[in-house]
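Read the structure below first, then the notes.
Since the model is a prediction, treat every value here as computed from it, not as a measurement.
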Amino acid sequence: MNILKLVKSSQRAFALSASCPRKCKGAMRVERISSCVGRRHYSGKSDNPSDSSSSSASKSHQTAAGARDRAAVGVFTPKAAAIFVLTGLGLYFYFNLEKQKLQEQKKKELENRKWGKAAVGGPFTLTTHEGKPFTEKDLLGKWSLVYFGFTNCPDICPEELDKMTEVVKELDKMYGPIAQPIFMSVDPARDPPAQIKHYLQDFHPRLVGLSGTYEQTKAVCKAYRVYFSTPKDASPDADYLVDHSIYFYLMDPEGEFVEAFGKVSTVGDVVTKVREEVGRWEEAHGRRT
């Protein structure tokens, strides 16, 4: 009986000794895991791969955005700003200088063109249809259209003055009142200011009528190279026709001759030429008159 108890007691002890390593190993494993978790928690790191990749992506995005911003803005230092301002000023003065050179060149071209023109125009003194004095200085500052004729002309003079009226109307639409139409009488005996005033009512309202003595008329016709056949001692009551040159002149704002238009010239021809001359003048002087 005692022997049987001893055997059973030995068996229990052997069983306990066999199971102890497994239990101890499990306890040690649990302790190590707990220790690792504690250390991770203390360090603030995470074992989740998705958290790590998200953090890396965020840092990468911030770095790329910063690089783009720096590339767009550049390194704008005070030195760079000074260079930028100086470059702008240099370009401004350069283009102004080139513009002045171009204007001077246009002026020289106009002056050179004048050398090849006929010597038309010069000093004169006449009286307007309003009874006021008028000289070559009154041509300055306008594009003048000057026609020589007489009030008793049956057909040609009215036709030419009608044409001049249409030209001035077209120019008024384009530029405003930059053109000055002028009628100079070559019949001093029958064209006093009152007669011319009545005659001009059928034409452009800005048309200026001029007349003078026979000597004054002869002088202005000579200056403008106009032929006329009015007798020197003609009577105001006499019945005669006057032969004269049939064209009108274009004079620039300095009173210089530009072009002569004959009877065959149309309204379109005259307007086109005036537009060309106004364009050249504006390029050279920076203004239209």
Please round to the nearest 0.5 Å and tell me the distance separating atom CZ of Phe203 and atom SG of Cys157.
-> 8.5 Å
Indicate yes or no for a side-chain donor-acceptor contact from Lys263 to the backbone of Glu159 under 3.5 Å, with no hydrogens or angles considered.
-> no
Look at atom CG of Asp155 and say whether more than 12 heavy atoms of other residues, nucleotides or ligands are closer to it than 6.0 Å.
-> yes
Describe, in one word, how the ring planes of Phe261 and Phe248 are oriented to each other, choosing from parallel (under 30°), tilted (30 to 60°) and perpendicular (over 60°).
-> tilted
Roughly how far, to the nearest 0.5 Å, is the CZ atom of Phe150 from the CG atom of Asp243?
-> 9.0 Å
Begin with the C-alpha distance, continue with both residues' side-chain angles, and end with the deciding distance and a verdict on salt bridge (Lys or Arg N to Asp or Glu O under 4.0 Å) for Glu277 and Lys273.
-> CA-CA 6 Å; Glu277 295 300 326; Lys273 182 61 178 179; 3.1 Å; yes
Going through the checks in order, is the salt bridge (Lys or Arg N to Asp or Glu O under 4.0 Å) test met by Glu166 and Lys163?
-> CA-CA 5 Å; Glu166 292 304 314; Lys163 181 167 65 178; over 6 Å; no
On the 0 to 90° scale, with breaks at 30° and 60°, tag the Tyr247-Tyr249 ring pair as parallel, tilted or perpendicular.
-> perpendicular
Could you state the interatomic distance from NZ (Lys218) to OG1 (Thr213), rounded to the nearest 0.5 Å?
-> 11.5 Å
Determine the minimum heavy-atom distance between Ser211 and Leu126, stating which atoms define it.
-> O-CB, 3.5 Å
Does the Asp172 side chain pair with the main chain of Lys169, one donor and one acceptor, at a distance under 3.5 Å?
-> no
Would you say the side-chain atoms of His204 pair up with the backbone N or O of Arg206, donor to acceptor, closer than 3.5 Å?
-> yes
Please walk me through it: do Phe134 and Met184 pass side-chain contact (heavy atoms from CB on, under 4.5 Å)?
-> CA-CA 11 Å; Phe134 193 101; Met184 290 190 180; 5.6 Å; no
Answer with yes or no whether the hydrophobic clustering places Met174 together with Val168; edges join I, L, V, M, F, W, Y residues whose side-chain heavy atoms lie under 4.5 Å apart.
-> yes
Mark yes or no for whether Arg190, through its side chain, and Ala238, through its backbone, hold a donor-acceptor pair below 3.5 Å.
-> yes
Roughly how far, to the nearest 0.5 Å, is CG of Asp138 from OG1 of Thr125?
-> 9.5 Å
Could you pull out the closest heavy-atom pair between Pro253 and Arg288, with the gap in Å?
-> CG-O, 4.2 Å
Verify, without hydrogens or angle tests, whether Thr135 (side chain) and Lys137 (backbone) share a donor-acceptor contact under 3.5 angstrom.
-> yes
Are side-chain N/O atoms of Asp162 and Thr165 paired as donor and acceptor at under 3.5 Å?
-> no
Starting at CD of Gln216, measure out to OG1 of Thr127 and round the result to the nearest 0.5 Å.
-> 6.5 Å
Rounded to the nearest 0.5 Å, the CG atom of Leu145 sits from the CD atom of Glu259 at a distance of 11.5 Å
Between Glu283 and Arg280, does a salt bridge (Lys or Arg N to Asp or Glu O under 4.0 Å) hold up when you go through it step by step?
-> CA-CA 5 Å; Glu283 288 181 0; Arg280 292 192 184 99; over 6 Å; no
Indicate yes or no for a side-chain donor-acceptor contact from Asp252 to the backbone of Glu256 under 3.5 Å, with no hydrogens or angles considered.
-> yes
In this structure, which one of Ile196, Val208, Leu210 forms a side-chain contact (heavy atoms from CB on, under 4.5 Å) with Phe183?
-> Ile196
Closest approach of Val186 to Cys221 (non-hydrogen atoms, all atoms of both residues) | CG1-SG, 3.8 Å
Using the benzene-type ring in the case of Trp, are the ring centres of Phe228 and Phe148 under 6.0 Å apart?
-> no
